[in-house]
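A short worksheet on the structure shown next.
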Amino acid sequence: MTGRFDPNEADRRWQARWAEEACFAADSDSDKPKTYVLEMFPYPSGRLHVGHARNYTMGDVLARYRRMQGHEVLHPMGWDAFGMPAENAAMERGIHPGTWTRSNIAAMREQLKRLGFALDWSRELATCDPAYYGHEQALFLDLFEAGLVYRKESEVNWDPVDMTVLANEQVIDGRGWRSGAPVERRKLAQWFLKITDFADDLLEGLKTLDQWPEKVRVMQENWIGKSRGLQFRFRLTEPVGGTEDVEVFTTRPDTIFGASFVAVAADHPIARSLAATDAKAAEFVAECKAGGTSAAEIETAEKKGYATGLEVVHPLDPEWRLPVYIANFVLMDYGTGAIFGVPGHDHRDFEFATQYDLPIQRVVAASSELASEPIGEEAACSPGIAVNSRFLDGLTTTQAAAEIIRRAEAAGWGHGTVQYRLRDWGVSRQRYWGTPIPIIRCPSCGPVPVPRDQLPVVLPEDVSFDSPGNPLDRHPSWKHVKCPACGGAAMRETDTFDTFVDSSWYFIRFASQPTDAPFDRAEAEKWLPVAQYIGGVEHAILHLLYARFWTRALQRLGKLDMAEPFNGLFTQGMVTHETYRAGDGSWLSPDEVKRDGDDWVHIEDGHPVIAGRVEKMSKSKRNVIDSDTIVQRYGADAARWFLLSDSPPERDLEWSEGGIEGASRFVQRVWKLANSTGTDDGEDAALGRKLHRTISGVSDAIEALQFNKAVAQLYELASTIEKARPSATRADAIRTLVLLIAPMAPHLAEECWFVLGREGLVANAPWPSFDPAMLVDDQVTLAVQVNGKLRDTVTAPRGLDRAAAEALALSSENVRRQLAGAAPRKIIVVPDRLVNIVA
RNA sequence: GCGGACGUGGCGGAACGGUAGACGCUGGGGACUUAAAAUCCUCUUCCCGUGAAGGGAGUGCGGGUUCAAAUCCCGCCGUCCGCACCA
């Protein structure tokens with residue numbers, strides 16, 4: 001009998017052995033069925049916390065399980081290595097972003113290795129490596145040549161102190177998150193990818209993704225935001241700045257006779273022409289632009305308008321004039337930047353009309369009889385029957401809308417159309433630590449692609465971060481180049497890509513990584529699409545949409561024949577932890593506090609500590625648990641086991657000391673079983689059935705990614721084996737248990753396999769199979785109910801016929817007492833399950 | 001406001017419409033030990049019943065369908081998440 005299982009020693013030994021034998025290297029030429037398991041690659045922040053560990057453990061279980069089932073598995077790992085934090089570190093500590101990033105990668109790689117993941121490290125990649133981003137630049141040029149890239153002026157959040165563009169998330173209460181300076185809206189020329197070209201494909205494609213969470217599909221659907229409607233023109237009674245019409249879009253053409261006004265956005269050409277001559281209009285336009293973009297501000301913002309004095313003619317009645325306003329709630333970048341207002345049937349228009357005393361007319365009612373019912377305290381937005389609408393009266397909302405579109409198209413003043421909420425993807429970032437955009441701007445030739453033989457365009461190393469702004473732009477020589485087309489003096493694009501570009505194709509590069517091309521089509525298609533992609537729900541929209549777009553763009557270019565990159569998607573929950581605060585309000589880490597009865601105290605000074613909410617692990621609240629600490633204390637397997645055990649994987653998992661202790665106990669129990677010797681003779685039928693049921697149940701649970709259920713069944717099996725007498729069945733059960741825990745606790749499994757004297761590695765062993773005949777017992781327990789309430793259970797031979805089951809149930813003492821002599825009215829028998837006596 | 005998910009013991013959670021609470025954590029009792037740790041055994045939804053037998057209540061609330069509802073339907077309440085002036 002060996003003593004306790006020593007994870008520190010065993011983990012290291014088996015990790016070395018797997019590496020030596022290159023167990024997890026994926027062979028693209030293998031004849032086995034191929035499975036691609038992928039977890040979202042991490043940003044190399046420097047530390048791997050247990051949240052990462054949970055994500056990778058789930059993927060690892062699936063990868064190892066598929067391997068044992070005889071699949072050739074691709075399970076790679078890499079680094080989403082460009083981004084802001086590296087530049088912040090450079091500014092704060094004077095370290096080069098590359099140095100910082102690479103040392104973080106080295107540290108996190110070791111942390112991952114200590115968790116024993118079955119990863120193909122030979123395919124590791126980092127997006128900040130020119131060997132990666134050079135290919136990305138080539139792909140961008142492919143898109144450019146295919147007309148999927150353009151440059152246009154666009155409004156951005158500009159931090160005047162840091163002299164950089166900020167993402168919306170980086171604007172907090174109207175101020176830059178780093179500088180604290182009030183953010184300005186500024187127009188800047190930016191590169192865009194034509195994702196809107198694929199809006200409908202991306203929307204339709206969602207229907208094929210039946211192995212994606214419903215939630216994510218709905219989120220993407222809403223994000224793409226398809227609306228059908230009518231786009232049409234109102235004629236101005238007098239032209240403004242050469243314009244004679246105001247073009248509007250509506251999803252409710254049926255309400256056209258309820259129109260009270262027309263409103264245009266502050267950025268609309270008409271508003272701009274007016275502002276040029278009308279000082280008050282100019283003032284109003286400026287006011288609109290000053291308004292913040294935060295959700296809170298929008299919510300509380302009043303509907304405001306400026307009456308321009310202009311009028312338009314109703315398209316269905318030349319005598320009918322409507323006033324034109326500039327309004328703060330009309331968006332320039334949706335639809336046409338102008339609307340017609342129907343206060344009776346739109347919340348915003350109602351609010352606006354109330355403010356400015358415009359008519360509120362009912363044109364839709366629940367029934368024709370209610371035509372004269374006034375609109376009450378709020379707009380009536382539900383569909384119904386058209387009323388007060390001349391030739392539309394009596395038609396349903398849908399019919400009326402169709403009728404208006406038909407007339408508009410026939411008369412030529414408008415047409416039925418589709419609008420999307422989705423905008424083109426702006427990929428320019430005024431930052432250093434990103435992929436340089438491979439374009440040269442020539443004063444005479446315009447934007448010229450960098451010639452392919454000059455790729456990659458590599459970031460210069462000699463940059464400084466001591467002053468704000470983009471170091472690439474400041475660099476003395478980097479941007480000055482000759483135009484590849486005309487040879488004249490030209491400038492490199494100094495913007496870099498949004499890091500979402502980097503993550504939009506990394507899964508393809510993992511599958512195939514030739515040096516002279518982004519990927520080899522035939523090889524990539526052997527692995528793709530990803531069978532199971534696992535990551536956080538925070539990427540439900542952007543990353544997953546961009547990756548889907550990129551894949552479809554490559555398909556259009558004929559580079560990859562695949563519409564959807566991720567066959568199965570799983571979004572796992574976060575790992576949370578209680579938070580602690582000292583009396584002065586400062587946050588304390590879990591290491592700094594201890595329990596004192598029902599309360600918590602600060603270890604250092606014994607002062608009481610307030611235990612706060614259970615929250616997502618975050619640096620600022622100091623409730624992050626580092627994976628290394630846990631691995632050192634309990635070993636990789638206990639950590640993995642706990643991360644899989646306590647909660648369903650899609651839900652949050654609360655990290656608890658008790659939970660990891662329990663996992664650690666289980667590791668030792670299995671070790672003890674593997675080391676328990678006994679006779680190998682004799683059968684144990686009950687244990688055999690339990691074993692086969694467990695094989696079946698654990699397999700199903702892993703297939704469904706319900707790891708918590710797999711774990712629970714393995715606990716049960718272990719307990720059953722512990723209680724069983726020595727037998728051949730028991731010895732077999734122990735061997736099988738070792739195989740069944742292998743995907744979750746691989747080091748322990750190898751170690752047990754070894755002491756059991758088995759050949760080879762568990763990592764290469766086949767997954768156990770079960771005998772369906774062994775899943776059923778000869779004896780079953782029948783529930784006996786009276787009027788649906790359980791009164792007794794009886795043991796019966798399996799397959800007992802209806803009459804015998806009834807008789808058995810009626811012979812129960814409890815049942816007889818319940819019936820009190822009365823004859824049953826009806827007896828329901830569910831074979832081998834229950835008998836329900838209706839009295 | 002719109003969309004989505006969820007609501008089960010002290011806690012995390014199990015449960016093809018068919019024995020609610022598997023499994024884990026916590027807690028109680030016990031064994032081993034000079035003692036402790038570790039380990040093992042055992043109990044642990046609530047109420048009545050000394051106990052056992054037995055009975056009652058019970059899956060957010062109120063209805064309904066069904067021989068039978070945590071599960072299906074209708075209406076509320078609550079929590080969480082996403083989007084948000086998208087015409």
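Computed from a predicted structure; not experimentally measured. In what follows, every heavy atom counts, from backbone to side chain, and hydrogens, waters and symmetry copies are set aside.
- Look at A/Lys672 and you won't find any side-chain N or O under 4.0 angstrom from OP1 or OP2 of B/A38.
- Side-chain contact between A/Tyr334 and A/Arg423 is present, with at least one heavy-atom pair separated by less than 4.5 Å.
- Base pairing annotation: B/U33 forms no Watson-Crick or G-U wobble pair, as no partner gives both donor-acceptor distances under 3.5 Å.
- Between the P atom of B/A87 and the CD1 atom of A/Ile339 lies a distance of 11 Å, rounded to the nearest Å.
- Put simply, CG on A/Asn787 is 19 Å from P on B/G18, counting in whole angstrom units.
- One P atom belongs to B/U79, the other to B/A52, and the distance between them is 41 Å to the nearest Å.
- To the nearest whole angstrom, the two C1' atoms, one in B/G56 and one in B/G49, are 11 Å apart.
- Between A/Tyr334 and B/A87 there is a side-chain polar atom (N or O) within less than 4.0 angstrom of OP1 or OP2.
- B/G17 is unpaired under the Watson-Crick or G-U wobble criterion, no partner having all donor-acceptor distances under 3.5 Å.
- Residue contacts for A/Gly335: at a heavy-atom cut-off of 4.0 Å it reaches no nucleic acid atom on any strand shown.
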Full working for ring-ring contact (aromatic ring centres under 6.0 Å, His included) between A/Phe352 and A/Phe261: CA-CA 10 Å; A/Phe352 190 82; A/Phe261 63 96; 4.9 Å; yes
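- Nearest-nucleotide mapping onto RNA chain B: of A/Arg817 and A/Val830, the residue sitting toward the 5' end is A/Val830.
- Closest non-hydrogen pair, A/Ala400 versus A/Asp254, comes out as CB-CB, 3.5 Å.
- Using a 4.0 Å heavy-atom cutoff across all strands shown, A/Asp333 reaches no nucleic acid atom at all.
- When heavy atoms are screened at a 4.0 angstrom cut-off, A/Arg423 is found touching base atoms of the nucleic acid.
- Heavy-atom neighbours of A/Arg228 CZ from other residues, nucleotides or ligands within 6.0 Å: at or below the threshold of 12.
- In this structure, A/Val330 reaches the bases: a heavy-atom distance under 4.0 Å links it to at least one base atom across the strands shown.
- Counting to the nearest Å, the C1' atom of B/G4 and the CG atom of A/Leu206 are 15 Å from each other.
- Between the CD1 atom of A/Ile224 and the C1' atom of B/A84 there is a distance of 17 Å, rounded to whole Å.
- Under the Watson-Crick or G-U wobble criterion, with both distances below 3.5 Å, B/G1 is paired with B/C83.
- Comparing A/Ser227 and A/Gly788 by the nucleotide of RNA chain B whose heavy atom lies nearest to each, the residue mapping closer to the 5' end is A/Gly788.
- When both distances must be under 3.5 Å, the Watson-Crick or G-U wobble mate of B/A52 does not exist.
- A/Asn222 comes within 4.0 angstrom of sugar-phosphate atoms only, judged by non-hydrogen atoms across all strands, and of no base.
- Between A/Arg651 and the phosphate of B/A5, there is no side-chain N or O to OP1/OP2 separation shorter than 4.0 Å.
- Rounded to an integer number of Å, the gap from CH2 of A/Trp641 to C1' of B/G24 is 11 Å.
- Heavy atoms of A/Asp349 sit nowhere under 4.0 angstrom from any nucleic acid atom.
- Comparing B/G82, B/U19, B/A22 by their closest approach to the side chain of A/Ala783 singles out B/U19.
- The base of B/C23 does not come close enough to the side chain of A/Lys709 for any donor and acceptor atom to sit less than 3.5 Å apart.
- Here the nucleotide nearest the side chain of A/Pro648, chosen from B/G4, B/G13, B/G18, is B/G13.
- In this pair, A/Tyr546 and A/Trp425 present their aromatic rings parallel. The plane angle is below 30°, not in the 30 to 60° band.
- B/U66 and B/G28: their C1' atoms are spaced 42 Å apart (whole Å).
- A/Gln785 comes within 4.0 angstrom of a nucleotide base, judged by non-hydrogen atoms across all strands.
- A close approach under 4.0 Å does occur between a side-chain nitrogen or oxygen of A/Arg791 and OP1 or OP2 of B/G56.
- Within 4.0 Å of A/Arg665, counting heavy atoms only, lie sugar-phosphate atoms of the nucleic acid but no base atom.
- Contact check, A/Asn708 against B/A14: a side-chain N or O comes under 4.0 Å of OP1 or OP2.
- Of the candidates B/A84, B/A57, B/C67, B/A84 carries the atom nearest the A/Trp223 side chain, counting heavy atoms from C-beta on.
- A/His539 places its NE2 atom 13 Å from the P atom of B/C83, with the value rounded to the nearest Å.
- When heavy atoms are screened at a 4.0 angstrom cut-off, A/Val218 is found touching the sugar-phosphate backbone but no base atom.
- Pairing partner, B/G78: B/C6, with both Watson-Crick or wobble hydrogen-bond distances short of 3.5 Å.
- Heavy atoms of A/Thr251 sit under 4.0 angstrom from primed sugar atoms or phosphate atoms, though from no base atom.
- In this entry the base of B/G9 is syn relative to its sugar, with a glycosidic angle within 90° of 0.
- Side-chain proximity of A/Leu790 to B/A20, B/C85, B/A22: nearest is B/A20.
- Contact check, A/Gln818 against B/G55: a side-chain N or O comes under 4.0 Å of OP1 or OP2.
- Between A/Glu716 and A/Lys690 there is a salt bridge, with a side-chain nitrogen of the basic residue lying less than 4.0 Å from a carboxylate oxygen of the acidic one.
- Backbone-only contact: A/Ser647 has heavy atoms under 4.0 Å from sugar-phosphate atoms and none from a base.
- With contacts defined as side-chain heavy-atom distances shorter than 4.5 Å, the pair A/Val218/A/Lys215 does not qualify.
- Counting non-hydrogen atoms under 4.0 angstrom, A/Phe249 reaches a base of the nucleic acid.
- Judged by Watson-Crick or G-U wobble contacts below 3.5 Å, the nucleotide B/A57 has B/U45 as its partner.
- Here the nucleotide nearest the side chain of A/Tyr715, chosen from B/C23, B/C85, B/U19, is B/C23.
- Of the candidates B/G4, B/A22, B/A87, the closest approach to any side-chain atom of A/Thr250 belongs to B/A87.
- Using C1' as the reference atom, B/A15 and B/C23 are 12 Å apart when rounded to the nearest Å.
- The C1' atoms of B/A84 and B/G3 are separated by 10 Å, rounded to the nearest whole Å.
- Between A/Tyr325 and A/Tyr356, the ring-plane angle classifies as tilted under the 30° and 60° cut-offs.
- Separating the P atom of B/U45 from that of B/G9 is a span of 13 Å, rounded to the nearest Å.
- Between A/Phe642 and A/Tyr634, the gap from one ring centroid to the other reaches at least 6.0 Å.
- Here the closest heavy-atom approach between residue A/Ser645 and residue A/Asn708 is recorded as O-CB, 3.4 Å.
- Across the P atoms, B/G55 and B/C2 are found 50 Å apart, a figure rounded to whole Å.
- Remark: P of B/C40 and CZ of A/Phe666 are 12 Å apart, rounded to the nearest angstrom.
- At whole-Å resolution of the value, CZ in A/Arg54 and C1' in B/G12 are 11 Å apart.
- Among the protein residues, A/Glu654 comes within range of no part of the nucleic acid, since none of its heavy atoms lies under 4.0 Å from any strand.
- Between B/G7 and B/G62, the two C1' atoms lie 16 Å apart (nearest whole Å).
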